[in-house]
Amino acid sequence: MAELRGLPGFRDFYPEDLAVRSHIIDVWRDVARRYGFVEFDGPPLEPLEIYTKKSGSEIVAQLYQFEDKGGRRVALRPEMTPTLVRMVGARARALPKPIRWFSVPQLYRYERQQRGRLREHFQLNVDILGETDVLADAELLAVAIEVVRALGLSPNHVRARVSDRRLLGAMFRRVGVAEDQLLAVYHVVDRLGRESEESLAGRLEKLGLDRAAIEHIFALTRLSGIDQLHAEFGDVEGVSEVVGELSTYLSCLENLGVRDYVDIDLSIVRGLAYYTGIVFELWDAGRELRAICGGGRYDDLLQALTGVDMPALGFGMGDVVLAELLRERGLLPEYRSGIDCYVVAIGDEARGEALKLAAELRGAGFSTAFDFAMRSPKAQFKSADQMGARWAVVIGPEELAAGRALIRDMGRGHERAVDRERVVPELREVSTVDSDG
RNA sequence: GUGGGCGUAGCUCAGGCGGUUAGAGCGCCAGGUUGUGGCCCUGGAGGUCGCGGGUUCAAGUCCCGUCGCUCACCCCA
């Protein structure tokens with residue numbers, strides 16, 4: 001075969017694949033709208049600068065970037081946040097707050113592909129801007145959880161792991177981690193569960209931490225209840241307020257009806273450096289796949305990028321891992337393609353009338369096909385079956401003479417003759433009866 | 001960027017220690033009298049065995065290179 005390959009990490013969506021993608025994206029849109037968010041979009045190609053400016057992000061090393069014919073350094077968008085920040089920043093004073101926006105961009109990233117990770121994916125982005133109250137944080141996580149619930153995933157399938165940047169930092173400082181060690185310690189904590197505690201302890205030792213501090217750090221990351229947090233750190237300056245906020249957060253999630261998906265898990269760090277408060281990730285319960293979703297509060301980013309001081313929070317949820325999980329759990333809808341009508345023409349004399357009938361059906365809104373080659377009736381019925389036609393509408397010499405057409409219900413195997421001008425009304429009637437019932 | 005595994009028909013895969021014309025199932029197309037689909041029967045199309053080189057009388061089969069896929073690491077939209 002002639003080689004006409006696509007690029008590695010980029011997907012071809014055959015109809016059955018597109019059905020999966022559409023299913024997921026339809027649910028994304030439906031849930032985001034039900035939660036009162038409105039959709040926006042930006043360009044897939046952006047100035048390179050808007051990504052490099054947000055330093056500390058390793059995304060830059062994996063950008064699809066090049067110089068355009070005008071000599072501009074440009075990049076395919078690897079994430080949506082810089083675009084969002086630019087758009088909001090430009091109309092910061094005009095937009096009514098809080099801003100509740102969502103988007104479903106296709107994002108690109110030049111990296112070697114592996115399971116759950118391609119060079120392109122679709123991602124639901126949901127963001128709230130201009131709101132500092134912790135209720136917004138709860139609302140954000142509730143949308144993310146509602147999405148997976150709407151896709152059929154229960155608390156047994158998916159867990160939301162919640163942490164807080166401030167909490168972990170304050171606690172680490174208290175047990176003797178120096179300011180310049182914090183990032184390195186976060187990095188080690190991020191490895192928990194993927195690397196043995198022994199080897200992680202070794203890393204911490206290299207950072208110059210003593211045995212007691214290391215034990216303390218591990219103990220902290222295992223704290224999972226508000227009560228535990230209170231007992232351990234309620235008296236620490238800067239921590240008790242945060243613990244109180246987390247407590248409010250959890251009760252809001254309770255009232256929003258999603259609390260049963262949520263765990264406090266302080267080992268969640270999130271890679272991106274710009275998070276400032278509550279952060280969360282959604283994982284399959286067995287943690288066999290990658291994170292399904294990640295997000296949190298990033299109150300300082302707009303100030304840093306646009307000079308506009310506006311608090312913000314948001315999350316991204318990709319289609320790749322989600323689709324894998326749904327497939328594994330048998331939660332993808334069965335794929336069936338189908339049309340409404342297939343016009344079967346028998347004999348050359350019927351051809352003209354068959355085409356007229358097809359045009360009429362199409363005009364009435366029925367998806368309709370017919371045989372191009374006037375093959376045998378048998379072959380035509382076979383095509384009707386293969387195409388998933390709900391009805392075969394037959395025009396032959398007999399029907400032509402009687403001024404009628406034969407409607408065959410392909411699913412039930414019944415058929416009956418109706419007057420030629422009654423075809424569309426009849427089908428309308430049957431289809432509304434069926435869809436109502 | 002680093003390391004491992006794998007490349008035979010559209011798909012899933014057989015092909016003993018190298019030995020005639022490379023196979024199966026599914027799918028696809030056609031036929032089983034131009035008035036009836038699913039089941040069945042018959043037939044057909046489709047492969048330079050990823051590509052290039054080497055060893056050999058002889059290479060899907062062994063060796064090297066390369067490209068691709070895949071998994072993991074790194075890192076994480």
Side-chain angles (χ1 to χ4, degrees), chain A residues 1-12 14 16 44 51 54 56-64 75-84 103-125 187 190-191 194-195 268-274 281 288-295 314-322 342 344-351 354 371 373-400 405-415 417:
Chain A
M1 181 179 59
E3 288 300 341
L4 200 60
R5 266 198 269 264
L7 290 166
F10 284 79
R11 296 170 287 178
D12 288 333
Y14 287 86
E16 60 273 26
Y51 303 113
K54 203 169 97 183
S57 158
E58 286 78 13
I59 285 170
V60 173
Q62 293 162 335
L63 281 171
Y64 261 99
L76 286 170
R77 60 184 175 194
E79 57 169 330
M80 200 57 181
T81 308
T83 301
L84 167 74
S103 185
V104 185
Q106 189 172 20
L107 304 175
Y108 308 88
R109 176 171 177 146
Y110 195 94
E111 206 208 9
R112 192 172 236 178
Q113 65 166 329
Q114 52 191 297
R115 184 170 194 206
R117 187 128 215 218
L118 306 170
R119 288 182 173 178
E120 142 278 318
H121 74 156
F122 290 87
Q123 190 187 64
L124 169 66
N125 274 251
H187 195 254
D190 192 40
R191 302 284 312 157
R194 280 178 286 176
E195 202 173 319
I268 289 296
V269 175
R270 298 292 300 145
L272 296 175
Y274 57 76
E281 290 183 346
E288 280 152 19
L289 308 173
R290 292 160 186 283
I292 295 164
C293 166
F315 72 78
M317 181 187 295
D319 69 314
V320 180
V321 176
L322 202 50
Y342 193 100
V344 173
I346 302 170
D348 287 338
E349 326 79 66
R351 183 168 197 164
D371 191 49
M374 288 294 290
R375 293 173 303 161
S376 68
K378 181 177 179 138
Q380 294 188 51
F381 277 101
K382 195 165 184 170
S383 278
D385 184 51
Q386 282 177 315
M387 289 188 73
R390 202 165 155 196
W391 298 289
V393 184
V394 186
I395 295 272
E398 289 170 28
E399 289 75 17
L400 228 42
L406 201 62
I407 298 176
R408 179 178 179 81
D409 184 315
M410 294 294 284
R412 300 193 172 104
H414 301 155
E415 61 189 26

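Numbers restart at 1 for each chain; the letters A, B, ... are given by sequence-line order, proteins then strands.
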In whole angstrom, give the distance that lies between atom [atom1] of [X] and atom [atom2] of [N].
{"X": "A:R117", "N": "B:C71", "atom1": "CZ", "atom2": "C1'", "answer": "15 Å"}
{"X": "A:M374", "N": "B:G35", "atom1": "CE", "atom2": "C1'", "answer": "12 Å"}
{"X": "A:L406", "N": "B:G35", "atom1": "CG", "atom2": "C1'", "answer": "9 Å"}
{"X": "A:K382", "N": "B:U36", "atom1": "NZ", "atom2": "C1'", "answer": "13 Å"}
{"X": "A:E120", "N": "B:A77", "atom1": "CD", "atom2": "P", "answer": "17 Å"}
{"X": "A:R109", "N": "B:C75", "atom1": "CZ", "atom2": "C1'", "answer": "7 Å"}
{"X": "A:I395", "N": "B:U36", "atom1": "CD1", "atom2": "P", "answer": "17 Å"}
{"X": "A:E111", "N": "B:C73", "atom1": "CD", "atom2": "C1'", "answer": "11 Å"}

Under 4.0 Å: is that the gap between some side-chain N or O of [X] and OP1 or OP2 of [N]?
{"X": "A:Q62", "N": "B:G1", "answer": "no"}
{"X": "A:Q123", "N": "B:C76", "answer": "no"}
{"X": "A:R290", "N": "B:A77", "answer": "no"}

What is the nucleic acid contact for [X], judged by heavy atoms within less than 4.0 Å: base, sugar-phosphate only, or nothing?
{"X": "A:G318", "result": "nothing"}
{"X": "A:Q380", "result": "nothing"}
{"X": "A:G396", "result": "base"}
{"X": "A:V394", "result": "base"}

How far does [atom1] of [X] sit from [atom2] of [Y], to the nearest 0.5 angstrom?
{"X": "A:H414", "Y": "A:W391", "atom1": "NE2", "atom2": "CH2", "value": "14.5 Å"}
{"X": "A:R412", "Y": "A:R390", "atom1": "CZ", "atom2": "CZ", "value": "8.0 Å"}
{"X": "A:D371", "Y": "A:Y342", "atom1": "CG", "atom2": "OH", "value": "4.0 Å"}

Checklist line | Polar pair under 3.5 Å, donor/acceptor by atom type, side chain A:E399, base B:G35 | finding: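 Present.
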Margin query: If we ignore hydrogens and angles and just use 3.5 Å, is the side chain of A:R77 paired with the main-chain N or O of A:Q106 as donor and acceptor?
Written below: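 Pair found, side chain donor or acceptor close to backbone of A:Q106.
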If we take the [atom1] atom in both [N] and [M], what is their distance in whole Å?
{"N": "B:C49", "M": "B:U8", "atom1": "P", "value": "11 Å"}
{"N": "B:G4", "M": "B:C40", "atom1": "P", "value": "48 Å"}
{"N": "B:G19", "M": "B:A59", "atom1": "P", "value": "11 Å"}
{"N": "B:G15", "M": "B:G31", "atom1": "P", "value": "37 Å"}
{"N": "B:C74", "M": "B:U12", "atom1": "C1'", "value": "34 Å"}
{"N": "B:G7", "M": "B:C29", "atom1": "C1'", "value": "28 Å"}

Next item on the list: Measure up the A:Y108 and A:F10 rings against each other and bin them: parallel (under 30°), tilted (30 to 60°), perpendicular (over 60°).
Entry: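 Geometry flag for A:F10 against A:Y108: parallel rings.
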